[in-house]
Amino acid sequence: MLITLHSNGYEVAVNTMGAELKSFKDPSGKEYVWNSDPAFWMRSSPLLFPTIGNLRNGETTMKGQVYPLVKHGFCKDTEFEVKDLSDDTVTFLLHANEETLKSYPYQFELSLTYHLSDNELSMEYRVVNHDTEEMFYHIGAHPGFMLPVSSGETLADCELVFEKAEDFVSYEYDLENMEFNTEKKVVQKAEGNTLPLTVAMFDSDAVFFEHTNSHRVSFLNTHTGKGVTMDYPDFESIAFWTPTGGNAPFLCLEPWNGSAIFHQDSDIFSEKRGILSLMPEAEKTYHLKITLEA
């Protein structure tokens with residue numbers, strides 16, 4: 001079921017399935033969120049929890065047992081409860097249940113609140129550990145944005161502008177073994193705080209910066225300055241992705257706390273790179289904001 005938020009002509013739609021952002025339109029009706037065309041990618045903005053990316057052989061060890069856990073976790077295929085709905089705000093809630101316990105043996109509570117204020121969409125992720133043991137997890141976002149935003153626009157017409165200068169060193173993703181490797185790094189062709197976009201950047205899947213000086217990045221048309229800005233103050237990493245070949249008309253901006261499996265990682269979930277943890281009855285919130293640069 002779609003939940004729609006409104007604020008001074010701006011409109012956001014979020015699906016109760018996965019608490020997934022499906023639409024963000026400006027007052028002219030222009031759409032900025034990817035339309036989920038299955039010919040390219042059937043998602044639009046999945047919530048990544050309790051893992052990011054894939055695990056080795058699709059399984060991992062938690063609490064001394066081996067559990068299957070799908071890529072990016074189960075939230076994207078799980079119905080969320082709707083709470084505190086108003087014209088411009090909604091909270092989606094998920095508790096551990098019989099299905100989640102089959103792949104993640106922790107009693108958790110996860111909520112995602114969306115608040116729309118004109119051209120700004122604020123998102124608050126809240127994780128609570130109701131288990132009797134320390135709980136380990138990753139959390140991240142995966143919103144895809146339309147390309148072109150303007151008629152005739154291509155990837156080569158766009159750039160990523162960070163708030164601070166970056167070294168733009170990313171990890172190469174090994175498509176054969178489906179893993180990152182700390183020994184395989186790529187220096188992206190960039191300068192200062194600006195990263196021009198090319199199709200070839202994504203030949204090996206996502207471009208992943210494990211640590212950034214910035215916690216704000218804009219995806220902009222170099223000619224018009226239009227696009228989106230993302231603030232990710234509580235996320236350590238960010239990745240960018242469009243399917244290999246450059247034919248898909250969207251780009252994903254993905255703030256992560258965690259990542260897909262690294263060659264150096266063990267198969268024990270608590271030892272995964274970038275793992276987070278909460279003690280029993282502790283909680284943590286993470287904030288994200290998407291601004292339309294129309």
Check whether [X] reaches the backbone of [Y] with its side chain - one donor and one acceptor, N or O, closer than 3.5 Å.
X	Y	answer
Thr60	Phe269	yes
Asp88	Leu5	no
Ser237	Glu210	yes
Glu124	Thr285	no
Asn181	Phe262	no
His72	Gly53	yes
Ser218	Thr229	no
Thr100	Ala96	no
Tyr171	Val207	no
Lys272	Thr51	no

Exactly one candidate in Lys289, His215, His287 meets side chain to side chain contact (heavy atoms under 4.5 Å, CB included) with Tyr232; the answer is His215

I'd like to know if [Y] and [X] are part of one continuous hydrophobic network [Ile/Leu/Val/Met/Phe/Trp/Tyr, side-chain heavy atoms within less than 4.5 Å].
X	Y	value
Leu110	Leu101	no
Tyr137	Leu69	yes
Leu48	Leu94	no
Val82	Leu112	yes
Val199	Phe168	yes

[X] vs [Y] aromatic rings, parallel, tilted or perpendicular, using cut-offs 30° and 60°?
X	Y	result
Phe180	Phe208	tilted
Tyr286	Phe235	tilted
Phe49	Phe74	perpendicular
Phe250	Trp41	parallel

Grouping ILVMFWY residues whenever side-chain heavy atoms fall under 4.5 Å, the cluster of Val161 otherwise contains Leu220

Across all chains, not counting sequence neighbours, the side chain to side chain donor-acceptor pair (under 3.5 Å) partners of Trp256 are Glu254

Applying side chain to side chain donor-acceptor pair (under 3.5 Å) to Thr244 and not counting sequence neighbours gives none

Could you tell me whether the side chains of [X] and [Y] share a donor-acceptor contact shorter than 3.5 Å?
X	Y	value
Thr89	His115	yes
Glu11	Thr4	no
Glu159	Thr222	no
Asn221	Asp157	no
Glu31	Ser23	yes
Ser45	Lys22	no

May I ask you to test the [X]-[Y] pair for a side-chain heavy-atom distance under 4.5 Å?
X	Y	value
Met230	Pro255	yes
Leu278	Lys284	yes
Phe240	Cys252	no
Phe40	Thr242	no
Pro27	Tyr10	yes
His263	Asn177	no
Glu109	Leu93	yes
Met146	Lys30	no

Report task. Give the C-alpha distance, both sets of side-chain angles, the deciding distance and a yes or no for salt bridge (Lys or Arg N to Asp or Glu O under 4.0 Å) between Arg56 and Asp267. Result -> CA-CA 7 Å; Arg56 192 172 289 118; Asp267 291 327; 2.6 Å; yes

Residue pairs passing the salt bridge (charged side-chain N to carboxylate O under 4.0 Å, His left out) test with at least one member in residues 215-224, sequence neighbours excluded, are Arg216-Asp231

For residues 61-78, the salt bridge (charged side-chain N to carboxylate O under 4.0 Å, His left out) pairs (sequence neighbours left out) are Arg43-Asp77, Lys63-Asp131

Output all residues satisfying side-chain contact (heavy atoms from CB on, under 4.5 Å) with [X], sequence neighbours left out; order by chain, then residue number.
X	answer
Met42	Pro38
Glu236	His211, Asn257
Asp205	Tyr173, Leu175, Trp241

Output all residues satisfying salt bridge (Lys or Arg N to Asp or Glu O under 4.0 Å) with [X], sequence neighbours left out; order by chain, then residue number.
X	answer
Glu283	Arg126
Glu134	none
Asp26	none

Determine the minimum heavy-atom distance between [X] and [Y], stating which atoms define it.
X	Y	value
Ile139	Ile52	O-CD1, 3.4 Å
Leu21	Val14	N-CG1, 4.0 Å
Ser103	Met62	O-CE, 3.2 Å
Ser7	Asp118	OG-N, 2.8 Å
Asp265	Arg273	OD2-N, 3.5 Å
Lys164	Ser214	N-OG, 2.9 Å

Requested in this report: Given side-chain hydrogen bond (donor to acceptor under 3.5 Å, both in side chains), test Glu271 with Ser266 step by step and report yes or no.
Outcome: CA-CA 7 Å; Glu271 297 176 355; Ser266 78; 2.6 Å; yes

For residues 191-203, the side chain to side chain donor-acceptor pair (under 3.5 Å) pairs (sequence neighbours left out) are none

### Query
How about Asp87: does its CG atom have over 12 heavy atoms from other parts shown lying under 6.0 Å from it?
no

_Can you confirm if the aromatic rings of Tyr106 and Phe108 lie within a centre distance of less than 6.0 Å?_
no

* **Verdict with reasoning, Trp34 to Leu251, per side chain to side chain contact (heavy atoms under 4.5 Å, CB included)** => CA-CA 8 Å; Trp34 169 240; Leu251 180 73; over 6 Å; no

